[in-house]
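Chain A is the first sequence line, chain B the second, and so forth, proteins listed ahead of strands; every chain is numbered from 1.
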Amino acid sequence: MDILAALNPAQRRAVETLDGPMLILAGPGSGKTRVIAHRIANLVLEGGVPPYRVLAVTFTNKASREMRDRVEGLLGDTVGDITIGTFHSVCARFLRRDGDKLGIDRSFTIYDDDDQIRLIKAVLEANNIEPRQFSPRSVLSVISRAKNELIDASGFAKRSGNYFDEVVARAYRGYEAALAEAHALDFDDLLGQTVNLFRELPDVRQRYADRYLHVLIDEFQDTNLAQYTLARQVASVHGNICVVGDPDQSIYSWRSADIRNITNFERDFPDCQVVLLEENYRSTQTILDVAHAVISEHPGRRRTTRMNTNRGQGSPVVGFEAYDGGEEAAFVIREIRRLQREKGYGFNDFAVMYRTNAQSRAMEEALVEARPRIPYRLVGGTRFYERREVKDILAYLRLVHNPFDSVSLLRVINLPARGIGDRSIEELQRWSRGLGVPAYTGLQLLRDWREGEVSVDSPPSFASRSLAALLGFLDLLNRLIERGAAVSTYELIEEISRATDYRRHLQSSFDDSDERWDNVEELKNVAAQYAELTPDAALGSFLEEIALVSDADTIDNRSDAVTLITLHAAKGLEYANVFMVGLEEGILPHIRSFDSTAQMEEERRLCYVGLTRAREHLFLLRAVRRVRHGMSSANPPSRYWKDIPPTSWISAGARSRSRTSVLAHESMPRSNGGALPAGTIQP
DNA sequence: CGCCGTACGGTTTTT
DNA sequence: CCGTACGGCG
């Protein structure tokens, strides 16, 4: 197969140049995924690089899978040897292998943000920090940012200036100690501890850097300092590092992504080749013009060239000003049916994009009621693994794998209710803290103390009934740990359900217990996929997969359905027809960004990302009034509305003309182009 | 001391 | 509209 055929000159250069650092600045729809896949194939075929010596990092696990498929298509089976994954999954792999040299338990548990918040809360309480003044979430976000900038607790303490920072510094120390005690790493640790590993053990770094002859990174504009540092460490021997990014699509600075990594790359690798991919193969010229009109209002934007396409002018971009959310959804449904009827699209060709997950509900309700049916898939939203019953069972599983995981222990210690109340839990924590041990060890010492095998200066003050309940829980846990070594994860879930009488617990606590029990059954089915591994390995892989693979990664395109997705999650995806809903001040741009210019610029880029997902038809929608938690309020149109050139508009107007026509005239430029086909706008 | 019912508050984006 | 916090009851 000729890897270079059917590539334009810029793409060809990006694929052909085999050695040295390379910076590819690629606009939307420029085929960057394709270029990376072809570059990997060319390295193997022309450069003679063994696949196992290639490291390719993508932004999501889904992108990893797609990359693997593409390369496989070009190379065949040898692709299996390439390391492809997100930074987080690649780091987890490195740390499972070599983390012990840094004192990290091989069975470490990965804490998600829910776990982090619970832990921070406990730390704040233990330090007598007033949670009203220092909310766990705000404290955590400062700590998380510090970690992503590779500032540890003592580094943070040194540079802390004001009172808030001093309190956070204390919390940071306590949080790190609590994580270590729980044998847990949070998401940021996966990156930070790998950087530490490579820093503190040069021979380990050398081993990885020797191995990876080529490093490729997609979505480079959304990497943070820890990720960039890690990439440089791995590329430190061979210097073959190829990064692909688009500053205009940088939308994750709130997760510590730093656009300066791109300028620093040119500084750190002065001999790097810069390749610009500015030909667009995705969208019509009309869609690109609208996107360009929005992004060109971005202050301090670096790249000023305009993307061009060979896909022709295409249909006008349609703006629709609905009276309320219901009318907005009705328009989406009408247009889906019209386009299906006239152009023969499948449901898979449509996506509805919004700023916040909460906006999906109104759309879902409308779609559920639509007749004939419109199937849809919701990306994100209330995720399966975030459901309470699933998290409960997972907490038991995590305890079996790592009983020092105190967050999980405290989650299920009285679940189902077994007579261990707040008072007992508090006393257990006081007792454990006094001994300097995790809660699990504290429980064991409690049992030893009761049997007279341990004597202490200040004995714990438990009611005898509470003490019995606590030790009963310890027995249960130890029994499950014993079983965990013997049976499959599938069977372990069954034994947990049985031992805790979990189904009855659901029945007595929830009206929708059947549905919740189905979710437990579904979790068992996921676990069944690990049947061929040994019990311990199976449980470990199962838990890691759940921690690192988000639901957005599991979207299957096999069923034919309309996609409901946030603008963030839509990054890297494309659809023939895109509806961007809720283009209102306060939603996009989001009200929480109003007080910072940097955040406001990011909102604009987010809008740009959405606009450029569309291949053929793009619909921009807003509602004049919208119901938000019970109250209906009027929202002015998004500021991006007015940046869009009048020539590409069709003002669809609102169903209730008398109520909205004045507003429509004021806020929307009238089109001089055609009109929507008759019937689409009528009630 | 634990459990259950009611009132109230809070609501971006995600590996 | 969902989860939490608090207060009264067993």
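- For residues 88-97 of chain A, the pairs satisfying salt bridge (Lys or Arg N to Asp or Glu O under 4.0 Å) are A/Arg96-A/Glu544, with sequence neighbours left out.
- Side-chain proximity of A/Arg255 to B/dT13, B/dC3, B/dT15: nearest is B/dT15.
- A donor-acceptor contact under 3.5 Å is not formed by the side chain of A/His590 with the base of B/dT12.
- Note: A/Tyr252 and A/Phe59 have tilted aromatic rings, judged against thresholds of 30 and 60 degrees for the angle between ring planes.
- Look at CG on A/Leu606: it is 7 Å from C1' on B/dT13, rounded to the nearest Å.
- Among the atoms of the strands shown, none is found under 4.0 Å from any heavy atom of A/Phe87.
- Contact annotation: A/Arg592 reaches the phosphate of B/dT12 (side-chain N/O to OP1 or OP2, under 4.0 Å).
- A salt bridge between A/Arg118 and A/Asp114 is present, with a side-chain N of the basic residue lying under 4.0 Å from a carboxylate O of the acidic one.
- Residue-level contact check: A/Asp112 touches neither bases nor backbone, having no heavy atom under 4.0 Å from any strand.
- Rounded to whole Å, the distance from CD on A/Gln359 to P on C/dC1 is 17 Å.
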(Q) Run A/Tyr640 and A/Tyr608 through ring pair (Phe, Tyr, Trp, His ring centres under 6.0 Å) and show every step you take. (A) CA-CA 10 Å; A/Tyr640 311 131; A/Tyr608 177 71; over 10 Å; no

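- Distances shown here put every side-chain N or O of A/Asn148 at or beyond 4.0 Å from the OP1 or OP2 atom of B/dT15.
- At a threshold of 4.0 angstrom between heavy atoms, the contacts of A/Gln599 include nucleobase atoms, whether or not backbone atoms are also involved.
- Residues forming a salt bridge (charged side-chain N to carboxylate O under 4.0 Å, His left out) with A/Arg260 (at least two apart in sequence, or on another chain): A/Asp258.
- Taking atom CD1 of A/Ile217 as the reference point, atom C1' of B/dT15 lies 15 Å away to the nearest angstrom.
- The aromatic ring centres of A/Tyr502 and A/Tyr396 sit 6.0 Å or more apart.
- In this structure, CG of A/Leu140 is placed 14 Å from C1' of B/dT15, rounded to the nearest angstrom.
- With rounding to whole Å, A/Leu548 atom CG is found 17 Å from B/dT14 atom P.
- Look at CG on A/Leu190: it is 19 Å from P on B/dT14, rounded to the nearest Å.
- Listed pair A/Asn224 / B/dT15 fails the phosphate criterion, with no side-chain N or O lying under 4.0 Å from OP1 or OP2.
- Look at A/Asn61 and you won't find any side-chain N or O under 4.0 angstrom from OP1 or OP2 of B/dT15.
- Ring-base stacking between A/Trp254 and B/dT13 is satisfied, the centre separation being under 5.5 Å and the plane angle under 30°.
- Residue pairs that meet the side-chain hydrogen bond (donor to acceptor under 3.5 Å, both in side chains) test with at least one member in residues 187-197 of chain A, sequence neighbours left out, are A/Ser144-A/Asp188, A/Lys147-A/Asp189, A/Asn148-A/Asp188, A/Gln193-A/Asn196.
- Between A/Arg423 and B/dC1 there is a side-chain polar atom (N or O) within less than 4.0 angstrom of OP1 or OP2.
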Q. Starting at the 5' end of DNA chain B, what dot-bracket string do you get if Watson-Crick and G-U pairs under 3.5 Å are bracketed, crossing pairs use [ ], other-strand pairs use | and unpaired bases use dots?
A. |||||||||......

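- Between A/Glu365 and A/Arg118, the residue anchored closer to the 5' end of DNA chain C is A/Glu365, taking for each the nucleotide with the nearest heavy atom.
- Nearest-nucleotide positions on DNA chain B for A/Gln116 and A/Ala463 put A/Ala463 closer to the 5' end.
- Residues forming a side chain to side chain donor-acceptor pair (under 3.5 Å) with A/Arg639 (at least two apart in sequence, or on another chain): A/Glu585.
- By the salt bridge (charged side-chain N to carboxylate O under 4.0 Å, His left out) test, A/Asp501 is found to be paired with A/Arg504, residues two or more places apart in sequence or in another chain being considered.
- The separation between A/Leu467 atom CG and B/dC1 atom P is 13 Å, rounded to whole Å.
- For the pair A/Arg388 and A/Arg465, nearest-nucleotide mapping onto DNA chain C gives the more 5' position to A/Arg388.
- Computed from coordinates, the A/Asp115 CG to B/dT15 P distance equals 16 Å when rounded to whole Å.
- Here A/Ser424 lies in heavy-atom contact (under 4.0 Å) with sugar-phosphate atoms only.
- Residue-level contact check: A/Ser466 touches the backbone only, with heavy atoms under 4.0 Å from sugar-phosphate atoms and none from bases.
- Look at A/Thr60 and you won't find any side-chain N or O under 4.0 angstrom from OP1 or OP2 of B/dT14.
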